[in-house]
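To start, the structure itself, in structure tokens.
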Amino acid sequence: MKICNIATDKGTHLALITERGIVDATEAGCTLTMQELINGADREALYKIEADESQAVVENPVYANVVPEGGKIICVGLNYKSHISGIHMQVPDYPVLFSKFSNALTYSGAAVDLPVWESSYDYEAELVIVIGKEAWGVNEAEARNCIFGYTCGNDLSCRESQNRSGQWLIGKTMPGFAPCGPCIVTADSLDPEKGCAIRSYVNGELRQDGSTADMLFNCARIVSYASRYIGLQPGDIIFTGTPTGVALELKDRGKHWLECGDKVEVEIEGIGTLTNTMS
């Protein structure tokens with residue numbers, strides 16, 4: 001199942017992405033919110049709406065955040081061997097964790113401000129885990145049951161400030177630097193370990209072309225490891241790392257940094273395309 005939040009003149013509505021298009025589940029009578037679904041609410045009403053071909057399709061939907069603001073945003077660095085090689089780093093023995101602040105979260109279609117006092121802005125296409133159950137010290141088998149679903153993410157980065165220290169924070173957490181969306185695919189509908197194509201485009205030009213099967217640490221391992229140190233709650237999200245092809249890896253990287261007006265798309269097979277314009 002693919003679910004999303006859309007902005008309407010009546011507020012934020014829960015919606016379904018079907019083969020026919022986007023159906024406004026709230027308008028169709030569903031009283032659930034995204035957070036209630038993440039918390040484990042029964043999806044029966046949504047299945048009925050999804051199967052009802054008489055439901056109207058939303059034209060030109062405006063997306064909203066896929067998860068409520070205020071949850072934790074955790075990120076994994078150095079999780080694809082090709083990317084590690086491209087930036088000449090050592091392959092880690094454990095997932096490399098860092099974080100973004102909650103106001104970095106934004107939605108598909110949002111404009112992302114690039115502050116004029118920096119310039120080395122980069123894109124990172126990433127699969128994002130949406131946590132659906134409390135996870136504290138869980139093993140990998142338990143961790144799988146703590147995943148509600150997956151979405152597309154762009155771990156936007158300012159490389160010059162990121163590399164001023166070893167923990168990367170100031171280059172990663174500017175407002176809007178964690179776009180996610182356009183939808184969440186529930187965990188029973190997607191298996192990243194089987195390999196989902198993951199790509200990024202800048203102004204239509206292919207920059208990254210990888211597969212989630214190439215992650216060093218799979219999603220269950222990441223959730224389990226993170227839960228040893230961070231109490232995970234429903235609605236928290238985890239960026240799982242990026243494949244090769246980011247501007248930082250290129251010899252002429254200065255020509256490939258993001259600039260105002262650039263359109264960045266993150267496409268993950270089985271989920272959809274996250275689109276944001278830099279401003």
Side-chain angles (χ1 to χ4, degrees), residues 72-100 104-105 122-131 135 138-141 143-144 146-159 162-163 165-169 171-173 177-180 184-185 187 190-200 206-230 232 236-250 253 264 266-271 274:
K72 291 183 283 295
I73 303 174
I74 300 159
C75 306
V76 181
L78 309 177
N79 200 27
Y80 286 76
K81 288 184 179 179
S82 57
H83 174 56
I84 295 168
S85 175
I87 58 175
H88 310 293
M89 297 285 282
Q90 184 176 348
V91 176
D93 294 324
Y94 302 94
V96 176
L97 302 181
F98 62 96
S99 64
K100 294 175 183 267
L105 179 69
D122 210 346
Y123 49 87
E124 292 191 14
E126 306 205 10
L127 177 76
V128 176
I129 299 166
V130 180
I131 298 297
V138 299
N139 61 36
E140 290 186 35
R144 294 183 190 279
C146 294
I147 297 173
F148 173 76
Y150 306 93
T151 189
C152 303
N154 188 350
D155 175 16
L156 289 167
S157 307
C158 180
R159 300 302 189 185
Q162 174 190 348
N163 293 321
S165 68
Q167 42 76 16
W168 303 350
L169 179 66
K172 293 284 192 174
T173 193
F177 268 40
C180 288
I184 296 173
V185 175
L190 189 77
D191 184 359
E193 291 184 50
K194 291 183 177 179
C196 304
I198 177 170
R199 303 182 179 96
S200 69
L206 179 65
R207 295 288 182 88
Q208 295 176 274
D209 189 1
S211 170
T212 59
D214 296 330
M215 291 194 295
L216 283 173
F217 307 107
N218 65 29
C219 293
R221 176 77 185 280
I222 289 168
V223 172
S224 174
Y225 182 77
S227 78
R228 299 179 189 179
Y229 311 101
I230 304 164
L232 301 174
D236 290 346
I237 57 176
I238 305 178
F239 283 70
T240 60
T242 197
T244 190
V246 299
L248 181 65
E249 299 174 26
L250 306 176
R253 65 186 64 164
V264 183
V266 172
E267 175 187 89
I268 301 181
E269 181 182 9
I271 301 178
L274 166 71

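These numbers were taken from a predicted model, which means no experiment stands behind them. Sequential numbering from 1 along the given sequence is applied to the chain's residues. The figures here come from the full heavy-atom set of this structure, side chains too, leaving out hydrogens, waters and symmetry mates.
Contact between Ser227 and Ala135 at its shortest, heavy atoms only, is CB-O, 3.7 Å. In this structure, Gly270 and Val185 approach most closely via the heavy-atom pair O-CG2, 3.3 Å. Heavy atoms only, all atoms of each residue included: Glu126 and Ile268 are closest at O-CD1, 3.5 Å. Closest heavy-atom contact between Ala125 and Ile198: O-CD1, 3.6 Å. For Tyr123 against Val264, the heavy-atom pair with the smallest separation is CB-CG1, 4.1 Å. Here the closest heavy-atom approach between residue Ile84 and residue Pro92 is recorded as CD1-CD, 3.8 Å.
The distance from the CD1 atom of Ile237 to the OG1 atom of Thr151 is 8.5 Å, given to the nearest 0.5 Å. Going from atom CD1 of Ile74 over to atom CD1 of Ile238 covers 5.0 Å, rounded to the nearest 0.5 Å. Atom-to-atom distance recorded for Cys146:SG and Glu140:CD is 12.5 Å, nearest 0.5 angstrom. Of the inter-residue distances, the one linking Trp168 atom CH2 with Thr173 atom OG1 reads 14.5 Å to the nearest 0.5 angstrom. Rounded to the nearest 0.5 angstrom, Leu156 CG and Lys100 NZ are separated by 6.5 Å. A distance of 11.0 Å separates SG of Cys152 from CD1 of Ile184, quoted to the nearest 0.5 Å.
By the side-chain hydrogen bond (donor to acceptor under 3.5 Å, both in side chains) test, Glu269 pairs with no residue at all, sequence neighbours left out. Residues meeting the side chain to side chain contact (heavy atoms under 4.5 Å, CB included) test with Ala187, sequence neighbours left out: Ile147, Tyr150. Every salt bridge (Lys or Arg N to Asp or Glu O under 4.0 Å) that Arg144 has, sequence neighbours left out, goes to Glu193. Contacts of Ser200 classified as side-chain hydrogen bond (donor to acceptor under 3.5 Å, both in side chains), with partners at least two apart in sequence or in another chain: Gln208. In terms of the salt bridge (Lys or Arg N to Asp or Glu O under 4.0 Å) criterion, residue partners of Glu267 (sequence neighbours excluded) are, by chain and number, Arg199. With sequence neighbours excluded, the residues satisfying salt bridge (Lys or Arg N to Asp or Glu O under 4.0 Å) with Arg207 are Glu205. Asp236 pairs by the salt bridge (Lys or Arg N to Asp or Glu O under 4.0 Å) definition with Lys72, not counting sequence neighbours. With sequence neighbours excluded, the residues satisfying side-chain hydrogen bond (donor to acceptor under 3.5 Å, both in side chains) with Glu249 are His83, Thr244.
Between the side chain of Ser157 and the backbone N or O of Lys172 there is no donor-acceptor pair closer than 3.5 Å. Side-chain atoms of Asp155 do not come within 3.5 Å of backbone N or O of Glu124 as any donor-acceptor pair.
A 4.5 Å side-chain heavy-atom check between Phe239 and Val76 finds every atom pair outside the cut-off. You'll find the side chain of Asn79 stays beyond 4.5 Å of the side chain of Thr242, heavy atoms only. When side chains are defined from C-beta on, Ser99 counts as touching Leu169, because their heavy atoms get closer than 4.5 Å.
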(request) Output, in order, the C-alpha distance, side-chain angles, deciding distance and verdict of salt bridge (charged side-chain N to carboxylate O under 4.0 Å, His left out) for Asp214 and Lys81. (result) CA-CA 8 Å; Asp214 296 330; Lys81 288 184 179 179; over 6 Å; no
(message) Leu190 vs Cys196, test: side-chain contact (heavy atoms from CB on, under 4.5 Å). Steps then yes/no.
(response) CA-CA 9 Å; Leu190 189 77; Cys196 304; 3.7 Å; yes
(request) Starting from the C-alpha separation in whole Å, work towards a yes-or-no answer on side-chain contact (heavy atoms from CB on, under 4.5 Å) for Val91 and Leu78. (result) CA-CA 7 Å; Val91 176; Leu78 309 177; over 6 Å; no
Do any side-chain atoms of residues 215-225 form donor-acceptor pairs under 3.5 angstrom with protein atoms, and if so which ones, sequence neighbours left out?
residue : atom : partner : partner atom : Å
Asn218  : OD1  : Ala220  : N            : 3.2
Asn218  : OD1  : Arg221  : N            : 2.8
Ser224  : OG   : Val138  : O            : 2.7

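The side chain to side chain donor-acceptor pair (under 3.5 Å) pairs that include a residue from residues 84-98 number zero, where partners must be two or more places apart or lie in different chains.
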